[in-house]
Structures are given as structure tokens and as C-alpha cells.
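The structure appears right after this line, and notes come after that.
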Amino acid sequence: MWSLVLFLVLGLFGSKISVEAANCTIQAKGNSKFPNDFTFGVATSAYQIEGGWNADGKGLSIWDEYTHNYPDRIKDRSNGDSSAESYRLFDLDLKALKDLGVNQYRFSIAWTRIFPIGHVHLKNQKGIDYYNSVIDKLLANGIEPIVTMYHWDMPVDLQKFGGFSNSQIVEHFSNYAEELFKLFGDRVKIWITLNEPHKICKEGYGLAESPPLIAASGVGDYICYTNLLKAHGATYRLYKEKFAKEQKGKVGISLDCRFYFSKTNNTDDIDRAMQYTLGLLAHPIFSKTGDFPAIVLKEIEKSSLEIEGRKKSRLPSLGEYWTNIIKGSADFMGVNYYTSRYVTPSTEPLGENPSMERDQNYQLDVDPNWPRANADWMYCVPEGLENLLKYIRDEYDNVEVKITENGWPDSGEINDDERINYFKSHIQAVLNAVNDGCNTTAYSAWSLIDNFEWNQGYTMKFGLFSVDMRSAKKERTPKKSALLYKKIIETKSVPDSV
Ligand code: PNW
């Protein structure tokens, strides 16, 4: 609220806001130190760092297949075949983690490294050995593992049957998760089922921007959300029934979300955009009533029946059984925050009919004074993170939040001052939110090392450590931001200078 008012006031004096925003800063409010039990770490994902795409019996994932079959779709025609080679060189990552002094490390397990065809009856011991060794080395160094079960690398053999568009994925995923609990749950106490359902469903099953390349916006993405929510819910219930008592861990999910500002400070517009993005996943899991947000259910049903003449809503019903399984199915909310937008309702129908864009029917834009990164989607908006955490506090009963990703892309500079400004302002935004009663308990920066940035290949870097992808040794070299982050972790506060 405050920042919205502030923004409006500053908006009247254009010159002032450009100074504020161009520096990518935020005003500090309250206590200058994080609580003692607040933890800091870094995050990565398997396909982006491991390499060893076919090493030691690993099976194929949709990202192996996609990068091999469609090299033109990757900006520099690269792939994750070897990338930073963490499968072979995890000790270099461990050293970097120790140098930073992190409390936790969030990494993901490649499903096909342990179960080459996705089904759990075929196990690959070498893959199990690798993750056992990663987990044991982390723990031996006092670093808590946060394990993501799925960061976009669906086994090809399961994609053949539709991946998240086939409800059988619910059983496959929960079987996989059960094996992970059995194999690693004695030592792993923080689990994340799925990374960024929005990106999985919207880009993979709606816009065909990433594998499995399904172009069915407004239909395929909604089917994907439904199956994905069920897979998550079933996994959570399984953990509670079979493992929680003995293993005493927590299970959550990482949701990607931006904050939406309104130029006219219209809170209904803000809330509607939040419900169509964060709410689509968060409402079924974290609200008291469960199910998709009421406004989304109502509007999509109306368009489907009245405008398109369908028999039922394009947004599949979760039904009472699944609504209850999914409701309350997380011990914490993982939040991946990168940037924000302004939202303005459109007077004309937008996009194709049907499409998610048409359902949402709002225009998105940015403030010209927000500093932009070398990515067309990425602007530095720390107020967005503070507002997002406050929105979650108010909307979802102050559920525990762990920030599981937050970071800034550039071209790989060692003197990465832009990244430094981004981290300083965003970690300050988190502190402001904590000072304002938000139950945020952990922060993981994206990312430990430079890695394969999906369709952007190696042209866009997010690492605190640089990796020369062409060298055989793949040394990890700390950037200036690594020194800053080390200081933040040590002091649990945001320093004025590095
Ligand atoms: C994350 N946004 O996705 C992914 O989880 C990572 O694997 C990836 O490397 C990282 O972002 C950087 O791209 C997001 O526009 C990308 O708000 C963009 C947004 C959110 C999440």
C-alpha cells in the first residue's frame, strides 16, 4: 500500500522517480537485521548445471530431446549436455557454497538420472549414488539441502503419454516422490514438489515456447494446472501418511509470481491479476476454501459457456475429492520472484479466442524508469517483492514463505554491480516485509553458478560465480556479488558497501 502511494506521489514528479528507480533501490524500514533463525542460501536446477546428460545410465528428459531436436530454438544453439558439469564436478560447487557460507542449498533431482524411463520399477543406482553424495557432503559441511523434485525435466517416456496433460502423471509423480522420500528423506527435511507450475503449464502446454511445445492457450495450460495440482496434493498426503512422523520434514511447492501494480491504484485490478497468476496455484493449496479463485472460476466458465458455446468450462473442475486433498497441502510456500508489471484492464477482448490472455484480458506494462536487465522481461522492482510478500501474508493467513529464487541476469561480468544493486534492494525488500510481520523465513538467490538459461542458452548469466563453459576445468570464479552475498549471510543485514 505504502509503496503504491509513494509511487503515485513520485509519479507526479517524474524526475524523482527516475533517480530512485534507476538506482534499483528501496527505502529501509524498521530493524536493520534479519531474525537469527532466518536462513540464506542459493539455488540451481539439475538440467541447468549437471551436464552428464547420458552419463551412467541416465534416461532422456524433454529438455535433452528438445535441445537436440530443435537447436534453432536456443539462442546460441547450445544445450545442457555438459554445461557446468556439476554431475562430475560437484566438489567445485561445494567449495563455492562453503566460500559463501550459505545456510542452505536448493538443487533439483533429475528424475531420469534415478528412474531413466520415469517408472519407479527401473532404478539407476549410479544416479542414487550421486544424489546421496551431494546430500552427505552438504550435511557434513553444515549446509541444509532443499530438494526440488521436478524442475522441468520430464522423462521423455512419460511425455509420450502426455506428461502433465494426462492425469496418469498424478500416480507417476507420487510414485517417484515416494521413492525419493525413501531414499533421501532420512536426511532431506525440506522438499519442493514442483518448480514454477505457471511456467511449466503456460510455456509448455499453452504457448509452445518450451517443451513439450503444445500450443493450446486457454485449454492445455488449464489441464496442466489441474493435473499438476493433483500430483502435488497426492504427494503431500503421501508424505503425511507414510513419512512425516518419522522423517519430520516439510513439503512445499515453488510458485513463480510477479507483483501487479495499478496506475490508478485500483485494488480490484491488482487483486484480479494476482488471482489469475499466483492465485491459480496458491488459492487451491493455501486458501481456506480451496479450489481455483472464485473470480477465475466464474469468468472462465462464463466465457466457455456463454461466448464460446461449450458444454463446460475450459478450466477443468478439481471436484470435491481433489479440492480437499489439495487444500492445505503444503507446509510452506516457495516463492520465485524476479520482476513486476503494471496491470490495466482492457476494454477490447485481447488475444486469440480462446486463450489465457483473453481470459485475463488485461494489458501489462512497465514503468519506463525501472532499470532493465539484458533480458526483455526483466526489470529491477524491489517494491514488487515487498508487496508480493505482504499480499501473501494478507491473502493466505501469513503462511510460511521461503523465497526459493530471486536473481538478476547479465552478460557475465565479474564486476557485476547491477546484480549487487539488485540483491541489496531485494534482500532489503524482504527485510522490510519481515519487519512488517510477514512470515518469510528463508531466501535463496538464483543462482550459485552461471548455467544453461533455457531458451537463452549461455547468453544470459545469473551466477554469483562465473563458469567458463569452454574450459575443461570449469572453474568457478567468484563475482563481486559473491562477496556482497557472503557479507549479507555473515551479518544477516544489508551492508552499505561491499
Ligand atoms: C526461473 N518472471 O523462472 C526458473 O526457475 C529458473 O530455472 C531460471 O533459470 C530463472 O527463472 C531465470 O530465468 C522464472 O518473468 C523466469 O517473472 C521468469 C520469471 C519468473 C520465473
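Both backbone and side-chain heavy atoms feed into the values below; hydrogens, waters and symmetry mates do not.
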Original post:
Excluding sequence neighbours, so at least two apart, what forms ring-ring contact (aromatic ring centres under 6.0 Å, His included) with H119?
Top reply: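 ring-ring contact (aromatic ring centres under 6.0 Å, His included) check on H119 returns H121, H172.
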Subject >> Pairing residues for F161 by the ring-ring contact (aromatic ring centres under 6.0 Å, His included) criterion, not counting sequence neighbours >> reply: none
Original post:
More than 12 foreign heavy atoms under 6.0 Å from CD of Q168: is that the case here?
Top reply: no
Salt-bridge contact [X]-[Y] (side-chain N to carboxylate O under 4.0 Å):
| X | Y | value |
| --- | --- | --- |
| K58 | D64 | yes |
| E246 | K248 | no |
| K126 | D129 | no |
| R88 | E50 | no |
| D99 | K486 | no |

**OP:** Enter the distance from Y105:OH to L139:CG here, rounded to the nearest 0.5 Å.
**Re:** 14.0 Å
**OP:** Please check if the distance between the ring centroids of H198 and Y225 is under 6.0 Å.
**Re:** yes
Original post:
Between Y422 and F462, does the ring centre distance come in under 6.0 Å?
Top reply: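 Not under 6.0 Å, so no.
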Subject >> Residue pairs passing the side-chain hydrogen bond (donor to acceptor under 3.5 Å, both in side chains) test where at least one lies in residues 211-223, sequence neighbours excluded >> reply: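 Passing the test, one end in residues 211-223: Y222-D359.
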Original post:
Within 45 degrees of the axis of the six-membered ring of Y66 and under 6.0 Å from its centre: does R73 put its NZ or CZ there?
Top reply: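 Geometry flag: not set, cation outside 6.0 Å or 45°.
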Original post:
Residues two or more places apart in sequence or in another chain: which of them pass side-chain contact (heavy atoms from CB on, under 4.5 Å) with N141?
Top reply: L94, K98, I143
Original post:
Who pairs with C257 by disulfide (SG to SG under 2.5 Å), at least two apart in sequence or on another chain?
Top reply: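 Disulfide (SG to SG under 2.5 Å) list for C257, sorted by chain: empty.
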What side-chain donor-acceptor pairs closer than 3.5 Å can you find for residues 331-339, not counting sequence neighbours?
residue : atom : partner : partner atom : Å
D331    : OD1  : Y236    : OH           : 2.6
D331    : OD1  : K240    : NZ           : 3.4
D331    : OD2  : V251    : N            : 2.9
N336    : OD1  : T404    : OG1          : 2.5
N336    : OD1  : E405    : N            : 3.3
N336    : ND2  : N195    : OD1          : 3.0
N336    : ND2  : E196    : OE2          : 2.8
N336    : ND2  : E405    : OE2          : 3.2
Y337    : OH   : S340    : OG           : 2.8
Y337    : OH   : V381    : O            : 2.7
Y338    : OH   : E405    : OE1          : 2.6
T339    : OG1  : Y379    : N            : 3.1
T339    : OG1  : Y379    : O            : 2.7

